[in-house]
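The sequence lines fix the lettering, A, B, ..., with proteins before strands; numbering per chain opens at 1.
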Protein chains: 2
Amino acid sequence: MRTSTLVPVLAALGDDTRWSILAALGEGDASASALAGRLPVSRQAIAKHLQLLEQVGLVEPVRVGREIRYRVLGARLGETARTLEQVGAQWERRLATIKQIAESL
Amino acid sequence: MRTSTLVPVLAALGDDTRWSILAALGEGDASASALAGRLPVSRQAIAKHLQLLEQVGLVEPVRVGREIRYRVLGARLGETARTLEQVGAQWERRLATIKQIAESL
DNA sequence: GACGAGTGCAACTCTGTGGTTGCACTAAAC
DNA sequence: GTTTAGTGCAACCACAGAGTTGCACTCGTC
């Protein structure tokens, strides 16, 4: 995963409302109107969040009759997780090196 | 990792300036003043970001003489990555189940 | 003890964005 | 053809937060 696309995904994931949307979608695809019935926010607010989530690839629209259901994409979350893991491991390696040098003195 | 602590960490990571701070710290511990010399933002702005990063456990203060250097903590990034990985895998499993049911019809 | 680098606190500006309401449009359903 | 559920667009409000400047404080250094 490119670093340039990482930050927007993380920013999208750093919001409680969007997580409640993702959690709801995690139990089955749903439209913006359907989600508005379950969550304490308006349909338009949810529509905005879904648009943002779609932009960063965390969600995918699926036409069903006259409604547009959204499907959550776990793969994107996996990519993001692996990128973070790599960066974290890199930092830990540096700290381990420093500790090793300090102990050898 | 608790879900209640996950979102603030992700929100902290969803900012370009904080990533540039983390990247700088990734090459060696540094104080707010030292970082202000390298980055195009004021020391106070950096201090605020460091405080936030410390709150979510991504960074750790270390007193050295009269200055306070900050150390990046890769472990926290690892925890976050694993939590995301789990959620993503859960969603993917559900999609796989749905696909399987659809094909069996 | 005086100096100064580094930090902390406070007030302020300004942009971004999460939220709302209202209206127009479209296409299934009858 | 009429109804109506679902969506899209636009304007607007309110708050959070990213950034700034200015000043006070603290504690190593000399």
Side-chain angles (χ1 to χ4, degrees), chain A residues 3-25 27-72, chain B residues 3-25 27-73 80:
Chain A
T3 310
S4 60
T5 67
L6 175 69
V7 178
V9 174
L10 292 170
L13 291 173
D15 181 272
D16 287 313
T17 303
R18 280 193 284 270
W19 267 103
S20 59
I21 290 175
L22 289 174
L25 292 182
E27 298 174 3
D29 304 351
S31 66
S33 299
L35 289 171
R38 278 194 267 172
L39 302 178
V41 280
S42 67
R43 172 184 65 83
Q44 285 78 353
I46 293 180
K48 282 189 195 175
H49 286 303
L50 286 173
Q51 194 180 341
L52 202 165
L53 290 170
E54 183 187 349
Q55 276 178 13
V56 299
L58 282 168
V59 117
E60 183 187 47
V62 182
R63 277 213 85 102
V64 178
R66 74 178 147 192
E67 67 183 330
I68 299 179
R69 295 200 186 144
Y70 284 85
R71 161 170 307 160
V72 83
Chain B
T3 310
S4 60
T5 67
L6 175 68
V7 178
V9 174
L10 293 170
L13 292 173
D15 182 272
D16 287 312
T17 303
R18 279 192 287 270
W19 268 104
S20 60
I21 290 176
L22 290 174
L25 292 181
E27 299 174 3
D29 304 351
S31 66
S33 299
L35 290 171
R38 277 194 268 171
L39 302 178
V41 280
S42 68
R43 174 185 65 85
Q44 285 79 353
I46 292 180
K48 282 190 195 175
H49 286 303
L50 286 173
Q51 194 179 342
L52 202 165
L53 290 171
E54 182 187 350
Q55 277 179 11
V56 300
L58 281 168
V59 118
E60 185 188 45
V62 182
R63 277 214 84 102
V64 178
R66 74 179 146 192
E67 66 184 331
I68 300 179
R69 295 198 187 147
Y70 284 85
R71 162 170 305 161
V72 84
L73 295 175
T80 307

**Q** From C-beta outward on B:D15, which listed nucleotide comes closest to its side chain: C:dG18, D:dA18, D:dG8?
**A**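 That would be D:dA18.
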**Q** Just wondering, do A:Y70 and A:I21 contact through their side chains at under 4.5 Å, heavy atoms?
**A**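 Result no, sub-4.5 Å side-chain heavy-atom pair not found.
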**Q** What's the shortest heavy-atom distance between B:R69 and B:E67, and which atoms?
**A**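 B:R69 and B:E67 have their closest heavy atoms at NH2-OE2, 3.1 Å.
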**Q** Rounded to whole angstrom units, what separation is found between the CG atom of B:L13 and the P atom of D:dA18?
**A**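 Rounded to the whole Å, the gap is 13 Å.
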**Q** Might you point out which heavy atoms bring A:L22 and A:L58 nearest each other, and give the distance in Å?
**A**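 Shortest heavy-atom contact: CD2-O, 4.5 Å.
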**Q** How close do B:A36 and B:S42 get, heavy atom to heavy atom, and via which atoms?
**A**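 Scanning both residues completely, I find the closest heavy atoms to be CB-C, 4.4 Å.
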**Q** Which distance, rounded to the nearest 0.5 Å, do you find between the CD1 of A:I46 and the OG of A:S31?
**A**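 Between atom CD1 of A:I46 and atom OG of A:S31 there are 9.0 Å.
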**Q** Report the nucleotide, chosen from D:dT7, D:dG19, C:dT7, that has the shortest atom-to-atom distance to any side-chain atom of A:A32.
**A**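 For the A:A32 side chain, the nearest candidate turns out to be D:dT7.
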**Q** Specify the separation, in whole Å, of atom CD1 of A:I68 and atom P of C:dC25.
**A**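 Atom CD1 in A:I68 sits about 18 Å away from atom P in C:dC25.
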**Q** Do the side chains of A:L35 and A:L50 get nearer than 4.5 Å, heavy atoms only?
**A**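 Yes, their side chains come closer than 4.5 Å.
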**Q** What are the two closest non-hydrogen atoms of A:A30 and A:A34, and how far apart are they?
**A**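 It is CB-CB, 4.3 Å.
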**Q** When you measure from the side chain of A:H49, which nucleotide among D:dT7, C:dG8, C:dG18 comes out closest?
**A**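 When the side chain of A:H49 is considered, C:dG18 is the closest of D:dT7, C:dG8, C:dG18.
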**Q** Could you check if a side-chain atom of A:Q55 sits within less than 4.5 angstrom of a side-chain atom of A:Q51, using non-hydrogen atoms only?
**A**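 The answer is yes; the side chains approach within 4.5 Å.
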**Q** Please report how far the helix from C:dG1-D:dC30 to C:dC30-D:dG1 bends, comparing the axis fitted to its first five pairs with the axis fitted to its last five, to the nearest 10 degrees.
**A**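 Inter-axis angle at the termini of the helix from C:dG1-D:dC30 to C:dC30-D:dG1: 30°.
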**Q** Are B:V41 and B:H49 packed together at the side-chain level, in the sense that at least one heavy-atom pair is separated by less than 4.5 angstrom?
**A**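 With C-beta onward as the side chain, the pair stays apart.
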**Q** For D:dA18, take OP1 and OP2 only and decide whether either is under 4.0 Å from a side-chain N or O of B:T17.
**A**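 No, because none of the side-chain N or O atoms of B:T17 sits under 4.0 Å from OP1 or OP2 of D:dA18.
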**Q** How long is the line joining CG of B:L35 and P of D:dG19, in whole Å?
**A**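 About 13 Å, once rounded to whole Å.
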**Q** Atom CD of B:Q51 to atom C1' of D:dG19: distance rounded to whole Å?
**A**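 Distance check: B:Q51 CD to D:dG19 C1' gives 15 Å.
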**Q** Please tell me if B:R69 has a side-chain N or O lying less than 4.0 Å from either OP1 or OP2 of C:dG6.
**A**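 Answer is no, no contact under 4.0 Å.
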**Q** From CG of A:L50 over to C1' of C:dG18, roughly how many Å is that when rounded to an integer?
**A**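 Rounded to the whole Å, the gap is 14 Å.
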**Q** Of all of residues 38-48 of chain A, which get a heavy atom below 4.0 angstrom from DNA chain C, listed by number?
**A**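 Under 4.0 Å from DNA chain C: A:V41, A:S42, A:Q44, A:A45, A:K48.
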**Q** Give every pair of a protein N or O atom and an N or O atom of nucleotides 25-30 of chain D that lie under 3.5 Å apart, one pair per line with the distance.
**A**
| residue | atom | partner | partner atom | Å |
| --- | --- | --- | --- | --- |
| D:dG28 | N3 | B:R66 | NH1 | 3.4 |

**Q** Any donor and acceptor pair, going by atom type alone, linking the side chain of A:R18 with main-chain N or O of A:A12 inside 3.5 Å?
**A**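 Yes; at least one donor-acceptor contact below 3.5 Å.
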**Q** Show the numbers, then the answer: is there a side-chain contact (heavy atoms from CB on, under 4.5 Å) between A:V56 and A:T5?
**A** CA-CA 8 Å; A:V56 299; A:T5 67; over 6 Å; no
**Q** C:dA5 phosphate, OP1 or OP2: any side-chain N/O from B:S33 under 4.0 angstrom?
**A**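 Checking B:S33 against C:dA5: no side-chain N or O falls below 4.0 Å of OP1 or OP2.
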**Q** Whole angstrom is fine here: how far is it from CG in A:L52 over to C1' in C:dG19?
**A**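 Going from A:L52 (CG) to C:dG19 (C1'), I get 14 Å.
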**Q** Which residue is it: B:L53, B:D29, B:L73? I am looking for the one with a side chain to side chain contact (heavy atoms under 4.5 Å, CB included) to B:V59.
**A**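 When B:L53, B:D29, B:L73 are each tested with B:V59, the side chain to side chain contact (heavy atoms under 4.5 Å, CB included) holds only for B:L53.
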**Q** How many Å lie between CG on B:D16 and P on D:dG17, as a whole number?
**A**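 So the CG-P distance, B:D16 to D:dG17, works out to 17 Å.
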**Q** In whole angstrom, what separates B:W19's CH2 from D:dA18's P?
**A**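 My rounded result for the distance is 16 Å.
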